[in-house]
2 protein chains.
Amino acid sequence: MEQTELEEFIESIRSSDISGECSVKRALDVVGGKWKLNILTLIVQLDTVRFNEMKRRLYGITNTMLTNSLKELEADKLIKRTQYNEMPLRVEYSLTEKGKSILPVLLELSKWWKQYTTDI
Amino acid sequence: MEQTELEEFIESIRSSDISGECSVKRALDVVGGKWKLNILTLIVQLDTVRFNEMKRRLYGITNTMLTNSLKELEADKLIKRTQYNEMPLRVEYSLTEKGKSILPVLLELSKWWKQYTTDI
DNA sequence: CAGAATCCGAAGCGATACTG
DNA sequence: CAGTATCGCTTCGGATTCTG
């Protein structure tokens with residue numbers, strides 16, 4: 001990241017152009033909630049995952065939360081739902097390009113947090 | 001950011017080392033909630049801010065939420081509280097180095113979100 | 001001025017039973 | 001198999017009043 005870009009970011013905050021701040025909040029919402037990060041993590045691990053396999057691996061999650069979280073992640077286009085009309089029904093979830101593209105940003109968050117917990 | 005670092009991040013996710021994922025969640029919590037980003041933004045704008053000035057500028061915030069958010073931000077060491085024992089009481093809030101250091105990460109979040117809302 | 005205390009409604013989340 | 005529907009609990013946030 002360039003230094004000037006950060007300065008522009010800070011300047012856009014200073015000059016009350018809160019669009020920058022809003023986009024941050026939107027981005028936070030996308031991966032917010034109790035289970036979304038776990039779901040994304042699981043899909044990264046397995047590449048494509050079925051509903052019940054998620055339910056088994058995400059220990060403690062309920063049908064409701066898994067369904068809702070998947071719907072929101074799909075609505076935000078981080079994951080892709082593929083339904084195969086076999087018998088029994090088979091549905092697979094995988095990351096979209098957008099979903100993959102947020103991983104580096106999550107890495108930055110992780111690095112930031114680790115830096116200030118090991119240093120102190 | 002280096003490509004190898006991202007690959008290591010993904011690999012650490014794949015290999016079930018969820019410490020990476022947890023640190024992401026902790027980082028998200030630090031700036032989560034309804035008002036914390038607004039508070040940080042305001043402090044960036046004004047450098048040092050007093051309690052009631054925040055309350056005036058953060059339109060709609062209540063005493064409770066402002067107090068709680070400030071306490072949490074201070075506990076997470078993103079902001080610093082300085083009390084001057086004058087009459088009447090004066091308290092000023094400002095960013096710590098840790099608080100400043102998260103701004104580039106928030107910029108990345110902002111850039112990520114903007115990329116995928118203008119492109120589509 | 002800078003909060004603390006209390007009460008209340010809304011939202012998030014969980015448990016269970018049921019369905020195409 | 002992959003969900004939906006319903007219900008209840010718990011947490012979050014808002015409104016108001018009070019205090020050092």
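Every value quoted in this text rests on a predicted model; they were computed, and no experiment measured them.
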For the helix from dC1(C)-dG20(D) to dG20(C)-dC1(D), what angle lies between the axis at the first five pairs and the axis at the last five pairs, to 10 degrees?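 If I round to tens, the end axes sit 50° apart.
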Hey, can you pull the residues of residues 88-95 of chain B with a non-hydrogen atom under 4.0 angstrom from DNA chain C?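 Only Pro88(B), Leu89(B), Arg90(B), Val91(B), Tyr93(B) qualify.
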Shortest non-hydrogen contact between Lys98(A) and Lys77(A), atoms and distance: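 The pair with the smallest heavy-atom distance is CB-O, 3.5 Å.
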Considering non-hydrogen atoms only, spot the tightest contact between Trp35(A) and Ser69(A) and give its length.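 Reported closest heavy-atom pair: CB-OG, 4.1 Å.
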Can you check the Asn68(B) CG to dC7(C) C1' distance for me, whole Å?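 From Asn68(B) CG to dC7(C) C1': 15 Å.
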If I take atom CG in residue Asn52(B) and atom P in nucleotide dC1(C), what distance separates them, rounded to the nearest angstrom?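 So the CG-P distance, Asn52(B) to dC1(C), works out to 5 Å.
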Distances under 3.5 Å only, N/O to N/O: pair up the protein atoms with those of nucleotides 13-17 of chain C.
{"residue": "dC13(C)", "atom": "OP1", "partner": "Lys34(A)", "partner atom": "N", "Å": "3.3"}
{"residue": "dG14(C)", "atom": "OP1", "partner": "Lys34(A)", "partner atom": "NZ", "Å": "2.5"}
{"residue": "dG14(C)", "atom": "OP2", "partner": "Trp35(A)", "partner atom": "NE1", "Å": "3.0"}
{"residue": "dA15(C)", "atom": "N6", "partner": "Thr64(A)", "partner atom": "OG1", "Å": "2.8"}
{"residue": "dA17(C)", "atom": "N6", "partner": "Asn63(A)", "partner atom": "ND2", "Å": "3.4"}

Among all residues two or more places apart in sequence or in another chain, which pass the side chain to side chain contact (heavy atoms under 4.5 Å, CB included) test with [X]?
| X | value |
| --- | --- |
| Tyr59(A) | none |
| Gln83(B) | Arg81(B), Asn85(B), Leu89(B), Val91(B) |
| Lys100(B) | Leu95(B), Glu97(B) |

Who passes side-chain hydrogen bond (donor to acceptor under 3.5 Å, both in side chains) against Trp112(A), sequence neighbours left out?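 So Trp112(A) forms a side-chain hydrogen bond (donor to acceptor under 3.5 Å, both in side chains) with Ser101(B).
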Using the side-chain hydrogen bond (donor to acceptor under 3.5 Å, both in side chains) criterion, which residues pair with Asn63(B)? Sequence neighbours excluded.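 side-chain hydrogen bond (donor to acceptor under 3.5 Å, both in side chains) check on Asn63(B) returns Lys55(B).
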Range on DNA chain D touched by chain B - first to last nucleotide, heavy-atom distance under 4.0 Å: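 Listed 5' to 3', the contact boundaries are dG13(D) to dT17(D).
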So what does Thr67(B) touch, heavy atoms closer than 4.0 Å: a base, only the sugar-phosphate, or nothing?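 Here Thr67(B) touches the backbone only, sparing every base.
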Phosphate oxygens OP1/OP2 of dG3(C): is one of them under 4.0 Å from a side-chain N or O of Lys71(B)?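 Answer no for this pair, as no side-chain N or O of Lys71(B) is under 4.0 Å from OP1 or OP2.
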Suppose we screen for salt bridge (Lys or Arg N to Asp or Glu O under 4.0 Å). Which residues come up paired with Lys25(B), at least two apart in sequence or across chains?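 By the salt bridge (Lys or Arg N to Asp or Glu O under 4.0 Å) rule, Lys25(B) matches Glu21(B).
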Pairing of Lys71(B) and Glu74(B) as salt bridge, 4.0 angstrom limit: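 A salt bridge is absent here (no side-chain N lies under 4.0 Å from a carboxylate O).
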Tell me which donor-acceptor pairs under 3.5 Å the side chains of residues 46-53 of chain A have, and how far apart each pair is, sequence neighbours excluded?
{"residue": "Glu53(A)", "atom": "OE2", "partner": "Arg57(A)", "partner atom": "NE", "Å": "3.3"}
{"residue": "Glu53(A)", "atom": "OE2", "partner": "Arg57(A)", "partner atom": "NH2", "Å": "3.3"}

Within-4.5 Å side-chain heavy-atom neighbours: Lys80(A) and Tyr93(A):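 Counting from C-beta outward, Lys80(A) and Tyr93(A) never come under 4.5 Å.
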